[in-house]
J.: 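What follows is a structure written as structure tokens; I'll ask about it next.
Small disclaimer: the values here were computed from a predicted structure and weren't measured.
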Amino acid sequence: MPSEGRCWETLKALRSSDKGRLCYYRDWLLRREENQPLSETSPSSTSASALDQPSFVPKSPDASSAFSPASPATPNGTKGKDESQHTESMVLQSSRGIKVEGCVRMYELVHRMKGTEGLRLWQEEQERKVQALSEMASEQLKRFDEWKELKQHKEFQDLREVMEKSSREALGHQEKLKAEHRHRAKILNLKLREAEQQRVKQAEQERLRKEEGQIRLRALYALQEEMLQLSQQLDASEQHKALLKVDLAAFQTRGNQLCSLISGIIRASSESSYPTAESQAEAERALREMRDLLMNLGQEITRACEDKRRQDEEEAQVKLQEAQMQQGPEAHKEPPAPSQGPGGKQNEDLQVKVQDITMQWYQQLQDASMQCVLTFEGLTNSKDSQAKKIKMDLQKAATIPVSQISTIAGSKLKEIFDKIHSLLSGKPVQSGGRSVSVTLNPQGLDFVQYKLAEKFVKQGEEEVASHHEAAFPIAVVASGIWELHPRVGDLILAHLHKKCPYSVPFYPTFKEGMALEDYQRMLGYQVKDSKVEQQDNFLKRMSGMIRLYAAIIQLRWPYGNRQEIHPHGLNHGWRWLAQILNMEPLSDVTATLLFDFLEVCGNALMKQYQVQFWKMLILIKEDYFPRIEAITSSGQMGSFIRLKQFLEKCLQHKDIPVPKGFLTSSFWRS
């Protein structure tokens, strides 16, 4: 084994030597054996040829010693010795060579296998590296492509964002322009609409101004016409100049001044296109002053005529007394008693005839009513179709709202009042789907005032007679209209006195030569085809009108001017009650009217006059009841008993109840 180690060391040494890097033949041994016979004849040449082989490399010290120069062959050695040595060396060399060759080949095989394995591993390593490099290059290429694609995408995205931003900015700018355009268009439309509305408003104002101007102008013409008629009446009073104690010229001068004032107002209005409200108000004040002037003159004439009549009666009485004195004492006879009280006692305190001042007031109202009828006579008797249409429209506009008054809500009642007030003020109102105004005809205002007053009284005659509670809403509207339009109030009284003379109070007397039907009409009865209405129906109508009158004197329009006094207040009710108690009672009529009046107005009179009112009730119970009872037949005691029970109950409780249907504050809030 030590020899093998040395062989491997030798081989390693040889390999690292210069000769080890030389090429040699592995089959040199075979070649030598083939050439052996040749070497036997020339050992020196064989030896030399063996040494000359480039592939021969001694593998061990033993082998190298066979070729060492220290054992050269001597020429003188023996042949046997040389052959034996040669044979041994050959054998030794052959076995060793084979072994060496095997080792070499094994080494080479191992080395080759290692080289092949190393090469394979290297190739595999290189292939892996190449694969890795290829994969890395592929990945890098992919990353590059991805980066390039990302860059392109980013550039595209940036470009798209820039485009979108530009588009948004453009759209925003466009929307802003649109918004500004819409805003400007809106402002322009508003300005145009305002301008159009202003133009329409101005046109409407101008139209209304013209209409109002025309209405005022017509009203002024109507006022001037009435003023001229009143002036003619003033001039007609010249025939009474001898009776008057006042200067008639002063009345005429003032009347001429008022006529000139209205003429001047109309002339100035014509120059300034249309009259103003102030001009119309001034003309109305002048007309009212003219009416007052004529009324004062009429009162003076009436007073003068009454004084003249009284003077004539006194003179006639004096002459009669002188004639009786001349005829002797037998001519003196007592005149018959005007009335007998209970038990046949003469009643010197009561009278049948109304007081003179009350009769004058009654006559003035009737004269004013007749004058009003004469004023619009041209309208009522006109044959013109247009005038007839205007008359019909005005009559409907005046009467229909009054017909609608009942125990309705306060808000509805105010609408009716406003409509009537607007009609009387000359403003156009809607009636039957058409616009109606009193200015459509110069006589329109007088016609409407007359028909309106007539309708109020007719409502009392019909509606209040059937439904006592309706007296209050009708009365409050009539009172409000009366306060704003005094002439309507005078016409209401004129109609009321004519249909119900007991509201004055006035008991018409039968005159010689008068037809019975005419006298019955004067008493308030309705006569149709020579037939007089039933007493119950007559009392029912009288009751309705007295109830309406009693409601009017205590009610005021709640939306009017509270600082002004009532145009016909409770003092007139007190006067009526005092005067009717100073007159002889009428069977069935007086008891009915006293009950209706006290039931409606008694509570208000109690609050107003207090102790004096209770004294009057006691007077009625103690003094007047016997007189009523004395003239009342057994079949007519119902009204007397009703009045007596009512009065006794009030005196017992010392209170008069509020009438049923009286308008409270809750009524106006409804």
J.: Can you list every pair that meets ring-ring contact (aromatic ring centres under 6.0 Å, His included) and has a residue in residues 451-476, with sequence neighbours left out?
T.: Phe472-Phe662
J.: Any chance you could measure Trp482, atom CH2, to Ile492, atom CD1, to the nearest 0.5 Å?
T.: 6.0 Å
J.: Walk me through whether Leu484 and Phe417 qualify under side-chain contact (heavy atoms from CB on, under 4.5 Å).
T.: CA-CA 11 Å; Leu484 296 176; Phe417 177 86; 3.7 Å; yes
J.: Closest approach of Leu261 and Glu282, non-hydrogen atoms and distance?
T.: CD1-OE2, 3.6 Å
J.: Quick check: do Lys540 and Ser466 have side-chain heavy atoms less than 4.5 Å from each other?
T.: yes
J.: How many angstroms lie between atom CG of Leu594 and atom CG of Leu577, to the nearest 0.5 angstrom?
T.: 6.5 Å
J.: List the steps and the verdict of salt bridge (charged side-chain N to carboxylate O under 4.0 Å, His left out) for Lys451 and Glu454.
T.: CA-CA 5 Å; Lys451 290 298 179 181; Glu454 183 182 44; 3.5 Å; yes
J.: Under 3.5 Å, side chain of Ser437 to main-chain N/O of Gly426, donor-acceptor pair present?
T.: yes
J.: Taking it one step at a time, do Lys414 and Asp418 satisfy salt bridge (charged side-chain N to carboxylate O under 4.0 Å, His left out)?
T.: CA-CA 6 Å; Lys414 189 175 185 302; Asp418 292 340; 3.2 Å; yes
J.: Would you say that more than 12 heavy atoms from the other residues, nucleotides or ligands in this model lie under 6.0 Å from the NZ of Lys419, or not?
T.: yes
J.: Just wondering, are more than 12 heavy atoms of other shown residues or ligands nearer than 6.0 Å to CG in Leu374?
T.: yes
J.: Less than 4.5 Å apart, any side-chain heavy atom of Gln363 and any of Asp367?
T.: yes
J.: Name all pairs fulfilling the salt bridge (charged side-chain N to carboxylate O under 4.0 Å, His left out) condition that reach into residues 391-400, sequence neighbours left out, sorted by first residue then second.
T.: Asp393-Arg434
J.: Is the shortest side-chain heavy-atom distance between Ile546 and Ser503 below 4.5 Å?
T.: yes
J.: Can you name the closest pair of heavy atoms from Leu491 and Ser369 and give their distance?
T.: CD2-CA, 3.9 Å
J.: Measure from the side-chain N and O atoms of Tyr519 to the backbone N and O of Pro508, and report whether any donor-acceptor pair falls under 3.5 Å.
T.: yes
J.: Using atom types as modelled and distance alone, determine if a side-chain donor or acceptor of Ser479 lies under 3.5 Å from a backbone N or O of Leu555.
T.: yes
J.: Determine yes or no for a side-chain-to-main-chain donor-acceptor pair under 3.5 angstrom, with Tyr362 supplying the side chain and Lys498 the backbone.
T.: no
J.: After noting the C-alpha distance and the side-chain angles of Gln579 and Thr358, does the key distance pass the side-chain contact (heavy atoms from CB on, under 4.5 Å) rule?
T.: CA-CA 9 Å; Gln579 288 192 4; Thr358 304; 2.7 Å; yes
J.: Between the side chain of Gln526 and the main-chain N/O of Glu533, is any donor-acceptor distance below 3.5 Å?
T.: no
J.: Looking at Leu493 and Tyr549, what are the two nearest heavy atoms and their distance?
T.: CD2-CE1, 3.9 Å
J.: Checking Glu483 side chain against His566 main chain: does a donor-acceptor pair fall under 3.5 Å?
T.: no
J.: In sequence, state the C-alpha distance, the side-chain angles, and the governing distance for Phe506 and Met583, and then conclude on side-chain contact (heavy atoms from CB on, under 4.5 Å).
T.: CA-CA 9 Å; Phe506 167 53; Met583 299 175 68; over 6 Å; no
J.: Considering non-hydrogen atoms only, spot the tightest contact between Met545 and Val457 and give its length.
T.: SD-CG1, 4.0 Å
J.: Can Asp518 and Arg521 be said to form a salt bridge (charged side-chain N to carboxylate O under 4.0 Å, His left out), step by step?
T.: CA-CA 5 Å; Asp518 293 339; Arg521 289 190 180 94; 3.3 Å; yes
J.: Report the C-alpha separation of Arg547 and Glu599 in whole Å, then their side-chain angles, then the decisive distance to 0.1 Å, and conclude whether the side-chain contact (heavy atoms from CB on, under 4.5 Å) test is met.
T.: CA-CA 9 Å; Arg547 283 179 175 273; Glu599 187 180 44; 2.3 Å; yes
J.: As an exercise, state the distance from CD1 of Ile631 to OG of Ser587, rounded to the nearest 0.5 Å.
T.: 5.5 Å
J.: Compare every heavy atom of Ala398 with every heavy atom of Val448, then report the nearest pair and how far apart it is.
T.: CG1-CB, 3.9 Å
J.: Could you check whether any side-chain N or O of His421 sits under 3.5 Å from a backbone N or O of Ile481, counting only pairs where one atom can act as donor and the other as acceptor?
T.: no
J.: Shortest non-hydrogen contact from Pro401 to Ile416?
T.: O-CG2, 3.4 Å
J.: If I take atom NZ from residue Lys427 and atom CG from residue Leu208, how far apart are they, to the nearest 0.5 angstrom?
T.: 11.0 Å
J.: Taking Thr375 for the side chain and Gln371 for the main chain, is one N or O donor matched with an acceptor at less than 3.5 Å?
T.: yes
J.: Say whether, by atom type as modelled, one donor and one acceptor occur between the side chain of Ser543 and the main chain of Leu539 under 3.5 angstrom.
T.: no
J.: If we only count heavy atoms from C-beta on, is the Trp574 to Phe613 side-chain gap below 4.5 Å?
T.: yes
J.: Report the distance from atom CD1 of Ile390 to atom OG1 of Thr439, rounding to the nearest 0.5 Å.
T.: 9.5 Å
J.: Under 4.5 Å between any side-chain heavy atoms of His485 and Ser425, yes or no?
T.: yes
J.: Does any part of the side chain of Asp596, heavy atoms only, come nearer than 4.5 Å to the side chain of Met542, both counted from C-beta?
T.: no
J.: Taking the side chain as everything from C-beta on, heavy atoms only, tell me whether Asn441 gets closer than 4.5 Å to Phe376.
T.: no
J.: Short question: side chain of Gln554, backbone of Val600 - any donor-acceptor pair under 3.5 Å?
T.: yes
J.: Are side-chain heavy atoms of Trp361 and His497 found at a separation under 4.5 Å?
T.: yes
J.: Restricting to pairs with a member in residues 581-603, which pass ring-ring contact (aromatic ring centres under 6.0 Å, His included), not counting sequence neighbours?
T.: Trp576-Phe597, Phe595-Phe646
J.: Evaluate side chain to side chain donor-acceptor pair (under 3.5 Å) for Glu517 paired with Tyr525, printing each intermediate quantity in order.
T.: CA-CA 9 Å; Glu517 294 180 0; Tyr525 287 91; over 6 Å; no
J.: About how many Å separate CD1 of Ile400 and CD1 of Ile405, when rounded to the nearest 0.5 Å?
T.: 13.0 Å
